[in-house]
Number of protein chains: 2
Amino acid sequence: MDISNLVQDIASNCIKVQKKTFLPGSVITTYMEKRKQICILLEGRAELIRYDLKGNKDIIERFNKNAIFGEVFHHVNTNNELFVLATKKCEVLLFLYDDIRVKCRRNCSFHTSLVSNLLELILNNTISQNTRIEILSKRSIREKLLSYFNILSKKAYSKNIILPFSLTSLADYLSVDRSAMMREIKNLIDDGIISKDGNKIKLLY
Amino acid sequence: MDISNLVQDIASNCIKVQKKTFLPGSVITTYMEKRKQICILLEGRAELIRYDLKGNKDIIERFNKNAIFGEVFHHVNTNNELFVLATKKCEVLLFLYDDIRVKCRRNCSFHTSLVSNLLELILNNTISQNTRIEILSKRSIREKLLSYFNILSKKAYSKNIILPFSLTSLADYLSVDRSAMMREIKNLIDDGIISKDGNKIKLLY
DNA sequence: TATTTTCTGTTGCAATTGCAACATTTTTTA
DNA sequence: TAAAAAATGTTGCAATTGCAACAGAAAATA
């Protein structure tokens with residue numbers, strides 16, 4: 001999908017869509033009840049975070065290019081605020097869901113196209129979410145790892161896969177303790193189920 | 001959201017949207033690569049299932065009224081087929097994503113409205129998914145339970161909550177062993193954090 | 001290039017969890 | 001309403017996991 005056309009259109013159209021730049025460390029948005037904001041990350045990297053009761057920083061999600069996020073996608077409560085922080089320089093499209101939904105009824109072609117683009121972005125997001133849920137549903141670290149490796153393998157049409165992020169991030173994604181995950185990876189290697197060279201994994205079954 | 005208008009419209013319109021009835025036990029759809037089907041459950045109850053390597057029936061998701069599902073939402077592989085089975089009598093709307101996406105560009109008001117409705121359904125689905133992911137991300141059964149109870153409590157604006165499904169289903173939803181969950185619920189009661197009467201839970205903090 | 005930060009890898013230990021196997025109660029179905 | 005099925009509740013035990021605390025390698029930054 002190409003969002004650049006969309007951005008072009010926006011420049012010459014009516015609804016309240018903002019394009020903004022955020023420097024690393026700055027707050028792109030906060031989620032608070034009933035604002036229904038949608039953001040599209042055109043460029044850069046950001047994190048959805050929350051500070052828990054003990055004051056620990058809790059990274060809930062990481063966003064890369066083409067990610068779509070915002071409070072419309074979350075059940076937000078007043079007493080646990082969520083922030084989106086830029087971790088690299090970000091270009092972001094910001095608008096309100098209601099602006100899209102309501103004005104669409106006027107049958108303006110631009111909005112139709114925006115909704116259609118939106119649909120595609122959200123759909124991609126949904127697929128990733130379903131994948132993650134399926135992995136998180138597994139009961140053991142071993143099953144989580146294998147399930148994740150299988151998905152990567154099928155996407156790549158190969159038994160040789162390259163982890164798209166660091167092992168530390170992988171542990172976050174699988175939502176398990178990193179050292180326990182490392183131990184389990186070692187077990188998988190010892191059991192002859194996989195082999196590993198850096199961030200390259202080979203499935204041996 | 002009211003989907004009945006949408007269904008009415010469909011009767012008098014052009015795209016290939018089917019409305020079908022399924023009896024309990026029958027297969028509503030199977031997910032196979034690259035068909036991009038979308039289904040909306042107007043009435044009834046269904047389950048997304050898979051048979052794992054050992055032949056165990058694996059319930060991946062449960063669908064109720066207004067649920068939206070279909071292979072567009074999943075990364076599907078040829079060798080692990082997914083089925084949607086009706087568990088009660090179901091009324092289902094079936095169509096292909098591409099039929100919606102492509103014809104929308106012709107700027108027909110019905111399709112615009114369908115896409116807009118679709119957007120809303122998918123958005124609801126995304127919110128549920130994010131909620132579930134947040135819960136599944138917790139490392140212990142206790143945290144999972146509390147996190148889930150909190151969400152229910154905030155939705156209900158009350159410390160008194162009613163579980164929307166059985167404890168057995170709750171264990172499935174949290175993706176933990178049922179007996180271990182029961183034990184942890186007892187611990188929460190013993191520690192004076194919650195009280196419980198049947199499917200009614202009271203948060204004591 | 002030197003220094004700081006992040007990432008990888010490892011281990012012991014205690015706590016949590018899944019599993020299996022029950023009895024009992026409630027709900028559904030014939 | 002009787003019988004079957006599903007849900008609840010409980011427990012011991014073994015396996016898995018998280019946690020803490022390291023050391024060394026690699027990457028990022030000044």
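Just so you know, these numbers come straight off a predicted model, no measurement behind them.
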Using a cut-off of less than 4.0 Å, is there contact between a side-chain N or O of A:K186 and OP1 or OP2 of C:dT11?
->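 A:K186 to C:dT11 OP1/OP2: side-chain N or O found under 4.0 Å.
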
side-chain N/O B:K196 vs D:dT8 OP1/OP2, d < 4.0 Å |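 B:K196 to D:dT8 OP1/OP2: no side-chain N or O under 4.0 Å.
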
Taking salt bridge (charged side-chain N to carboxylate O under 4.0 Å, His left out) as the test, write out the residues that go with A:E61, two or more places apart.
->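 A:E61: no salt bridge (charged side-chain N to carboxylate O under 4.0 Å, His left out) contacts found.
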
Set of salt bridge (charged side-chain N to carboxylate O under 4.0 Å, His left out) partners for A:K202, sequence neighbours left out =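 Checked A:K202 against salt bridge (charged side-chain N to carboxylate O under 4.0 Å, His left out); zero matches.
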
Describe, as an angle rounded to 10 degrees, how the axis at the first end of the helix from C:dT1-D:dA30 to C:dA30-D:dT1 is tilted relative to the axis at the last end, five pairs per end.
->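 Here the local axes at opposite ends form an angle of 70°.
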
How close or far is atom [atom2] of [N] from atom [atom1] of [X], stated in whole angstroms?
{"X": "A:I185", "N": "C:dG9", "atom1": "CD1", "atom2": "P", "answer": "8 Å"}
{"X": "A:N199", "N": "C:dT8", "atom1": "CG", "atom2": "P", "answer": "9 Å"}
{"X": "B:D172", "N": "D:dA7", "atom1": "CG", "atom2": "C1'", "answer": "12 Å"}
{"X": "A:D197", "N": "D:dA25", "atom1": "CG", "atom2": "C1'", "answer": "15 Å"}

Residue pair A:E134 / A:S147, side-chain donor-acceptor N/O under 3.5 Å |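 No, A:S147 and A:E134 have no side-chain donor paired with an acceptor closer than 3.5 Å.
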
Residues in side chain to side chain contact (heavy atoms under 4.5 Å, CB included) contact with B:L163, at least two apart in sequence or another chain =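 By the side chain to side chain contact (heavy atoms under 4.5 Å, CB included) rule, B:L163 matches B:Y148, B:F149, B:L152, B:L167, B:L170, B:N199, B:I201.
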
What residues form a side chain to side chain contact (heavy atoms under 4.5 Å, CB included) with B:R178, not counting sequence neighbours?
->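 By the side chain to side chain contact (heavy atoms under 4.5 Å, CB included) rule, B:R178 matches B:T168, B:A171, B:M182.
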
Please say whether more than 12 non-hydrogen atoms of neighbouring residues, nucleotides or ligands are located less than 6.0 Å from NZ in B:K159.
->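 Yes, the 6.0 Å shell around NZ holds more than 12 heavy atoms from other groups.
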
How many angstroms lie between atom CD1 of A:I60 and atom CG of A:L82, to the nearest 0.5 angstrom?
->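 The CD1 atom of A:I60 sits 4.5 Å away from the CG atom of A:L82.
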
CZ-CD1 distance between B:F73 and B:I38, expressed to the nearest 0.5 angstrom |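 Reported value, rounded in 0.5 Å steps: 4.5 Å.
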
For every nucleotide of nucleotides 12-30 of chain C, 5' to 3': is a protein heavy atom under 4.0 Å from its base (B), only from its sugar-phosphate (S), or from neither (-)?
-> BB---BBBB----------

Mind checking A:K144 for me? I need base, sugar-phosphate or nothing, with any heavy atom below 4.0 Å counting as a touch.
->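 Counting heavy atoms under 4.0 Å across all strands, no contact is made by A:K144.
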
